[in-house]
Colleague: 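Sharing a structure with you now.
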Amino acid sequence: MVARIGHWVNGKIRDSVYAAGYFYETIKALLLFFRRRQVGYKVLTMQMLFTGVEALGVISLLSLSLGAVIIIEGLILLPQFGQGDLIYTILITIITRELGPILTAFIIIARSGTAISTEIGNMVVSHEIEAYVSFGINPISYLVVPRFLGVTFSMVLLNLYFNIFGLIGSYLLGTLMQPIGFSEYLNGLLSVLTTADIISSLGKSAVFGMIISLVSTYYGFKVERATTEVPQKAIKAVGHSIVLCILANVVLTLFYYL
Amino acid sequence: MKDAVKVSGLRFERNNLLILDDISLSFPAEASTVVMGSSGSGKSTLLKIAAGIIMPDGGRVELYGENIFGVGEKKLLQLQRRTGFVFQDAALWANMSLYSNMEVPLRYHYPDMTNEEVDSKINQLLKRVDFREDLSVRPAQLSTGEQKIFSFLRALVTEPELVFLDEPTTSVDQSSADKIINLIRKLKEEGKTIIAVTHSARLTSLIADYLIVMGEGGVLAEGPFSEVIRTKDQRVADILSDVLDMSSSYDTDLLELLEPEFDDE
């Protein structure tokens, strides 16, 4: 029993050291990325296209419907307590500060996180990673850094897009229930929106993007030999990405109120 | 003769299984060395470690006199520009076109190359085997034999002086195997260093200057080809006959060469 616990602890320590080394190597390669004229730019463009542009449809639908739901609930419930003016604060708090970044992160985990870990895992199995190494191409700088940058930039941009669509969605549905001028609505939002809200929202999405890309690539590289490992590692990548994003969200929200 | 690759005290373990144990070998430059051994003897692992693809758990690998696992990234890139590796399963980048498979290593090593230079370099290589497939397709659209040939060409794109071959003629049809063998012979004529892991008696008899026989995680015999195949060591003779039996359906040259020696035993 003691031996098994010791073995488990040893394994966890080894994994943590490996993960820390992986993170260090990625940051090191990231610093050199823009100094080099290299083929990694193409990978970066493709990653932004896949993670950012191709996710616009689902983000639009989600943000529009979420904005609509908040405004319906808000316009019905808040006046009952004489707090109708709080609708703008609630919209900014929920869409901009909280749900915008985390829901965008969940969508990116489901689409890009799984795709990245599966793609890299398959590349390990088919020796494609070894083929890069045989040419002296560092897989971290060629495969990980462009994905890290692509997912992080896309997360920030998708979060902005989520906010715009979410707030427009709430306006469109809100006007059906209670006609209101767009400038009045916009002024109401701007009156409660602070710089701290914007920094918090964009900061969270950047951190989530980093987490998703690092965790997904890390688990892709954890595949050793068999194709059966690929879905197993993809599941781990999704699970760990979700947990880490939620934890990071709690920490960053605490920071906001400090 | 200078050594292209020299490994010393090499040790490699995977999942608590010792695959290579205290291996020390030299691979002369501008010569062809063939590594043979039974399945699981660590031949491919040795080849990948010698090429700097896998890091060993212990020991040292010198590529043209430089410790490949101790040099900086820039030096490593320079060293690996001088080598090419042909993988057993082709290992073409599946999510890229054939053209990109050739272009990526070229652009990585020579970022100043113009599009015309890249085109010309790629076309020049394709002409070596009269490769006529559409380069915009993905590798999965090629047959196994064509993939192997293309992977061979990709390994040559940076004009390496040293080529590592991991089972270059395995799992391919006879016509593709012939093309690959012809390519290897041309490389040998050009004075390239070749280090090949193979089960093919035909390929071995055509190119081997030196032969290494591996078994049980270690080197059982090494030296000039003509000396090693005349070994009196029964273990080496058993391994060679086992290995060669696997390819005896069409690779008969070396079997014929070996048989009298084994009969004498």
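Chain A is the first sequence line, chain B the second, and so forth, proteins listed ahead of strands; every chain is numbered from 1. Owing to the predicted nature of the structure, the values given are computational and were not obtained by experimental measurement.
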Colleague: So for atom CD, which belongs to B:Glu66, do other residues, nucleotides or ligands contribute more than 12 heavy atoms lying within a distance under 6.0 Å?
Modeller: yes

Colleague: For the residue pair A:Ala131 and B:Ala91, what are the closest heavy atoms and their distance?
Modeller: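 The answer is CB-O, 3.6 Å.
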
Colleague: Might you confirm whether atom CZ of B:Arg185 has over 12 heavy atoms from other residues, nucleotides or ligands at distances under 6.0 Å?
Modeller: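 No, because the 6.0 Å sphere around CZ of B:Arg185 holds 12 heavy atoms or fewer from other groups.
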
Colleague: Is the number of heavy atoms from other residues, nucleotides or ligands within 6.0 Å of OH (A:Tyr18) greater than 12?
Modeller: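 Atom OH in A:Tyr18 is packed in, count exceeds 12.
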
Colleague: Nearest 0.5 Å please: distance from the CE atom of B:Met96 over to the CD atom of A:Glu128.
Modeller: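 Here the interatomic distance stands at 8.0 Å.
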
Colleague: Drop me the distance from A:Glu224's CD to B:Asn15's CG, to the nearest 0.5 angstrom.
Modeller: 6.0 Å

Colleague: Could you state the interatomic distance from CZ (A:Phe135) to NE2 (B:His109), rounded to the nearest 0.5 Å?
Modeller: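 Nearest 0.5 Å value for the CZ-NE2 distance: 7.0 Å.
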
Colleague: Classify the ring geometry of B:Phe87 against A:His127: parallel below 30°, tilted from 30° to 60°, perpendicular beyond 60°.
Modeller: parallel

Colleague: Against chain A, label B:Ala90 side chain, backbone, both or neither, depending on which of its atoms sit under 4.5 Å from a heavy atom there.
Modeller: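 Contact with chain A is absent: no heavy atom of B:Ala90 under 4.5 Å.
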
Colleague: Is chain A contacted by the side chain of B:Ile54, its backbone, both, or neither, given a heavy-atom distance below 4.5 Å?
Modeller: side chain

Colleague: Heavy-atom count around A:Lys222 NZ within 6.0 Å, excluding the residue itself: above 12?
Modeller: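 Counting neighbours around NZ of A:Lys222, more than 12 heavy atoms of other residues, nucleotides or ligands fall under 6.0 Å, so yes.
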
Colleague: Going from CD1 on A:Ile137 to CZ on B:Arg107, what distance comes out if it is rounded to the nearest 0.5 angstrom?
Modeller: 13.0 Å

Colleague: Quick check against the 3.5 Å criterion: does A:Glu130 have a side-chain atom that pairs as donor or acceptor with the backbone of B:Ile53?
Modeller: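 Not at all, since once roles are kept as given, no pair shorter than 3.5 Å links the two residues.
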
Colleague: Under a 4.5 Å heavy-atom cut-off, does chain A meet the side chain of B:Arg154, its backbone, both or neither?
Modeller: both

Colleague: Side chain from CB out, backbone as N, CA, C, O: work out which of these in B:Ser100 comes under 4.5 Å of a heavy atom of chain A, or both, or neither.
Modeller: side chain

Colleague: If you count the non-hydrogen atoms of other residues, nucleotides and ligands that lie under 6.0 Å from OH in B:Tyr110, is the total more than 12?
Modeller: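 Check passes, neighbour count above 12.
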
Colleague: If I take atom NZ from residue B:Lys48 and atom OG from residue A:Ser134, how far apart are they, to the nearest 0.5 angstrom?
Modeller: 10.0 Å

Colleague: Any chance you could lay out the side-chain contact (heavy atoms from CB on, under 4.5 Å) test for B:Trp93 and A:Ser126, step after step, and finish with the verdict?
Modeller: CA-CA 9 Å; B:Trp93 297 309; A:Ser126 59; over 6 Å; no

Colleague: Could you grab the distance from atom CD of B:Glu73 to atom NZ of A:Lys28, nearest 0.5 Å is fine?
Modeller: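 The distance works out to 7.0 Å.
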
